[in-house]
Amino acid sequence: MGQVTIYLDDETEQKMIENARVMKLSKSKWIAGVIQEKLVDQWPDTVRELPGSWGDFPSLEELRAGENTDSEREAL
């Protein structure tokens, strides 16, 4: 298991200590958890369930129905 030394300003350290205490974790486990959260390589289920969840959001076909045709291009 690797070890890492980090330097925190006093305010950040106090916030980290308080948060770890509330979560009943050691500082080391709290920091490891924060790092693991940042290393997640896929969207959480709550985000992946969002598409289609807005009932009043127009469908793709409705969005494209209002598209205009391109303007005429200038000759080269």
With sequence neighbours excluded, what pairs up with Pro44 under the side chain to side chain contact (heavy atoms under 4.5 Å, CB included) test?
->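 Per chain and number, Pro44 pairs via side chain to side chain contact (heavy atoms under 4.5 Å, CB included) with Thr46, Val47.
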
Can you name the side chain to side chain contact (heavy atoms under 4.5 Å, CB included) partners of Leu39, sequence neighbours left out?
->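 Testing Leu39 for side chain to side chain contact (heavy atoms under 4.5 Å, CB included), a comparison that skips the adjacent residues, returns Ile35.
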
Give the cluster check for Val40 versus Val34: same hydrophobic cluster or not, with ILVMFWY residues linked at side-chain heavy-atom distances below 4.5 Å.
->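 Val40 and Val34: separate clusters.
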
Just grab all the salt bridge (charged side-chain N to carboxylate O under 4.0 Å, His left out) pairs involving residues 30-46, residues at least two apart or on different chains.
->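 Output for this query lists Asp45-Arg48.
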
List for me each residue that meets side chain to side chain donor-acceptor pair (under 3.5 Å) alongside Glu62, sequence neighbours excluded, and say none if there are none.
->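 Per chain and number, Glu62 pairs via side chain to side chain donor-acceptor pair (under 3.5 Å) with Ser59.
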
Side-chain donor-acceptor distances from residues 11-33 under 3.5 Å, at least two apart:
from, atom 1, to, atom 2, distance (Å)
Glu11, OE2, Lys15, NZ, 3.3
Thr12, OG1, Asp9, OD1, 3.0
Thr12, OG1, Asp9, OD2, 2.8
Glu18, OE1, Arg21, NE, 3.3
Glu18, OE1, Arg21, NH2, 3.3
Glu18, OE2, Arg21, NH2, 2.6
Asn19, OD1, Trp30, NE1, 2.7
Ser26, OG, Lys29, N, 3.0

